[in-house]
Amino acid sequence: MGKEEKGLNNFFENYLKQDPIFINKSILHWNYTPDKILHREKQITEIAKILAPSLKLEKPSNLFIYGKTGTGKTCIVKYVTQEMGEVAKKKKLNLKVVYINCKYQRVADTEYRLIAEIIKNLGETIPTTGLPTKDVYDFFFRIVEEQKTLLILIMDEIDHVVKKMGDEMLYTLTRINDQLKESKVSIIGITNDLNFINNLEPRVKSSLSEEEMLFPPYDAVQLKEILEQRAKIGFKKDVLEEGLISKCAALAAKEHGDARRALELLRVAGELAEREGKNLVTMEDVDVAQEKIDRDNILEAIKTSPKQHQLILQSILQLKKQNGKEEIFTGQVFEVYKTIGTKYGISILTSRRVSDIISELDMFGIIQTKLVNKGRHGRTREICVNLSSSTTEEIEKILPVG
DNA sequence: GTCAATTCACATGAAAGAGACCACGGTCTAGTG
DNA sequence: CTAGACCGTGGTCTCTTTCATGTGAATTGACGA
């Protein structure tokens with residue numbers, strides 16, 4: 001016991017003595033906003049131009065922004081509105097900016113909760129459930145009106161709103177100004193679904209996208225500069241192997257120029273090196289980081305998903321083990337699921353539901369499915385699991401039974 | 001051999017139910033002056 | 001008299017079931033050469 005304690009002590013002391021690789025890790029986090037945002041000057045000025053009327057308390061046009069993940073949409077909108085907020089504060093203008101991410105589950109995935117969330121951001125509270133939705137709207141209108149303010153409503157990942165609850169609610173929101181006398185609301189919608197706007201009802205489309213902007217992906221060179229800018233202040237000097245940043249940039253550029261991904265790669269690689277007590281981050285660390293990020297995402301998704309989902313995933317994995325390379329189909333999964341379920345006394349869902357769960361697993365990226373038509377033999381989803389064996393093992397530890 | 005009809009094994013949609021959660025208003029109860 | 005406990009009602013939310021409809025190539029079978 002005493003010996004162990006001493007060992008642990010040593011470990012901690014060594015840990016502290018170690019030359020840390022980082023100066024400030026949070027700089028390498030994607031939601032850190034640097035002083036100077038690179039390669040987005042054009043977008044910044046454009047957004048500023050569009051939003052500027054709000055400083056005269058005139059309602060700016062609704063703005064619709066689209067671009068792939070990690071192209072800086074959120075970052076820049078936040079940056080511009082923040083700056084504006086400060087100017088407004090100095091001039092004592094009643095300007096409010098509310099940022100809502102519509103995707104983060106459990107926060108705002110119903111009409112009710114979304115409005116409740118906006119209300120919360122305006123500094124009021126409303127019960128989390130139990131009220132008729134109409135009451136929530138009325139309450140929202142009332143407080144906006146009472147505050148006599150110009151409200152800029154930023155709705156990130158706005159496509160999720162429509163997917164979950166249709167565009168009726170967006171229509172209501174865009175028409176809100178008709179009902180307000182003292183206040184005005186303008187909406188900034190952000191999405192990474194490039195087709196989203198075309199699937200909207202025309203009346204919503206026209207009012208939501210009075211202005212439109214596209215954020216192009218970063219290319220490898222730009223990513224590299226962004227990484228360099230942050231690495232300079234986030235990492236200690238000379239801890240990065242030659243060409244390491246280029247590698248991160250290149251890897252991320254392959255994945256549709258995602259700056260968030262690039263930063264994560266760099267940071268995780270640094271953490272890995274740090275953990276091993278090295279004082280140089282190497283190329284291998286980046287490779288390991290790449291794998292680790294994917295695996296962690298998947299594991300996290302599985303851990304937090306409901307038991308039935310886990311059970312179905314387990315059925316899929318078991319099938320994969322059994323028939324080796326052969327493809328797996330929905331029907332088979334359902335059969336295996338049924339036997340496992342009954343064996344362990346877990347209630348069995350209908351095949352209809354199982355089918356949905358399989359596509360949910362697909363969306364999470366845990367499995368890949370493809371719709372195949374096998375003529376006489378019907379139509380089904382072909383399921384494949386592209387996980388390394390170590391990941392599979394990790395997953396199996398989490399799974400409910402067996 | 002050819003062509004259209006059939007058929008399979010699910011996918012996909014819509015609607016509705018079950019059970020959990022919660023706010024609200026009314027009623028009851030115990031403590032206080 | 002009043003604050004707080006307790007209860008019933010009516011609303012939402014999530015997960016699920018039930019019913020209904022769709023899909024598209026392999027298969028079948030009729031037909032003609």
Side-chain angles (χ1 to χ4, degrees), chain A residues 100-120 122 124-143 157 159-170 172-173 193 195 199-201 301-316 319-320 323 326-342 344-364 366-385 400:
Chain A
I100 301 279
N101 189 322
C102 311
K103 181 181 171 184
Y104 282 114
Q105 297 120 341
R106 319 237 179 284
V107 179
D109 50 1
T110 66
E111 208 170 340
Y112 185 114
R113 284 195 195 159
L114 192 75
I115 304 293
E117 187 68 20
I118 298 171
I119 292 172
K120 212 171 96 195
L122 286 170
E124 301 276 338
T125 48
I126 191 155
T128 50
T129 168
L131 259 52
T133 310
K134 194 175 164 297
D135 287 10
V136 187
Y137 270 111
D138 289 347
F139 188 70
F140 174 54
F141 286 150
R142 218 183 60 233
I143 61 171
E157 319 251 6
D159 45 321
H160 279 255
V161 175
V162 176
K163 217 182 278 167
K164 287 245 170 179
M165 37 200 151
D167 42 19
E168 195 57 29
M169 111 155 252
L170 285 185
T172 318
L173 278 178
D193 180 353
N195 284 321
N199 300 331
L200 284 177
E201 230 182 288
I302 295 172
K303 258 184 223 162
T304 52
S305 56
K307 199 162 63 178
Q308 296 285 4
H309 293 225
Q310 296 180 354
L311 198 60
I312 286 165
L313 177 60
Q314 179 161 18
S315 312
I316 293 171
L319 263 170
K320 192 196 172 195
N323 26 344
E326 270 173 64
E327 300 91 348
I328 302 166
F329 303 107
T330 306
Q332 303 172 356
V333 175
F334 185 56
E335 290 305 315
V336 175
Y337 160 76
K338 263 199 298 198
T339 50
I340 301 184
T342 32
Y344 291 93
I346 294 165
S347 60
I348 303 293
L349 301 177
T350 35
S351 59
R352 175 68 184 84
R353 181 72 186 120
V354 171
S355 175
D356 272 353
I357 291 179
I358 289 176
S359 52
E360 279 169 44
L361 289 173
D362 183 21
M363 282 201 312
F364 274 129
I366 299 168
I367 59 176
Q368 284 75 42
T369 68
K370 201 172 72 188
L371 214 58
V372 287
N373 248 302
K374 299 193 293 170
R376 192 91 220 272
H377 307 294
R379 177 199 212 222
T380 179
R381 257 194 291 252
E382 193 181 295
I383 301 165
C384 52
V385 193

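Keep in mind that what you see is a predicted model, and the values were worked out from it rather than measured.
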Compare the minimum distances between each of [options] and the side chain of [X], then state the nucleotide with the smallest one.
{"X": "A/Thr330", "options": "B/dC10, C/dT16, C/dA26", "result": "B/dC10"}
{"X": "A/Thr380", "options": "B/dC10, C/dT14, C/dA26", "result": "B/dC10"}
{"X": "A/Arg381", "options": "C/dG11, C/dG24, B/dA11", "result": "B/dA11"}
{"X": "A/Arg376", "options": "C/dA26, B/dT12, C/dT17", "result": "C/dA26"}

TODO: May I ask you to establish whether A/Lys134 and A/Phe139 are in a cation-pi arrangement, using a distance under 6.0 Å from NZ or CZ to the six-membered ring centre and at most 45° from the ring axis?
DONE: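 The answer is no, since A/Lys134 fails at least one limit relative to A/Phe139.
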Tell me: [atom1] of [X] to [atom2] of [N], nearest whole Å?
{"X": "A/Ile115", "N": "C/dT12", "atom1": "CD1", "atom2": "P", "answer": "14 Å"}
{"X": "A/Ile328", "N": "B/dA9", "atom1": "CD1", "atom2": "P", "answer": "19 Å"}
{"X": "A/Leu349", "N": "B/dC10", "atom1": "CG", "atom2": "P", "answer": "17 Å"}
{"X": "A/Lys374", "N": "B/dA11", "atom1": "NZ", "atom2": "C1'", "answer": "14 Å"}
{"X": "A/Arg379", "N": "B/dT7", "atom1": "CZ", "atom2": "P", "answer": "19 Å"}
{"X": "A/Leu371", "N": "C/dT23", "atom1": "CG", "atom2": "P", "answer": "12 Å"}
{"X": "A/Phe139", "N": "C/dG11", "atom1": "CZ", "atom2": "P", "answer": "19 Å"}
{"X": "A/Tyr112", "N": "C/dT12", "atom1": "OH", "atom2": "P", "answer": "9 Å"}

TODO: Compare all side-chain heavy atoms of A/Arg381 with those of A/Ile358 and state whether any distance is below 4.5 angstrom.
DONE: yes
Open item on the list: Any base atoms under 4.0 Å from A/Ile348, or only sugar-phosphate, or nothing? Heavy atoms, all strands.
Closed with: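 Sugar-phosphate contact only.
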Task: Positions of residues 352-359 of chain A (non-hydrogen atom under 4.0 Å from DNA chain C), listed by number - done: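 Heavy-atom contacts with DNA chain C come from A/Arg352, A/Arg353.
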Task: Cationic N near anionic O, under 4.0 Å, A/Arg352 to A/Asp356 - done: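 Yes.
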Open item on the list: Please determine whether a side-chain nitrogen of the Lys or Arg among A/Glu382 and A/Lys374 lies less than 4.0 Å from a carboxylate oxygen of the Asp or Glu.
Closed with: no
TODO: May I ask you to evaluate whether A/His377 reaches the phosphate of C/dT27, defined as a side-chain N or O under 4.0 Å from OP1 or OP2?
DONE: yes
Task: Where A/Tyr337 and A/Leu349 come nearest, the two heavy atoms and their spacing - done: OH-N, 2.9 Å
Open item on the list: Ignoring hydrogens, what is the shortest heavy-atom contact between A/Ile119 and A/Val136? Give both atom names and the distance.
Closed with: CD1-O, 3.9 Å
Open item on the list: Please check this pair: side chain of A/Gln368 against backbone of A/Ile383, looking for a donor-acceptor N/O pair closer than 3.5 Å.
Closed with: no
Open item on the list: Judged by each residue's nearest nucleotide on DNA chain C, which is more toward the 5′ side, A/Pro306 or A/Thr133?
Closed with: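 So the residue in question is A/Thr133.
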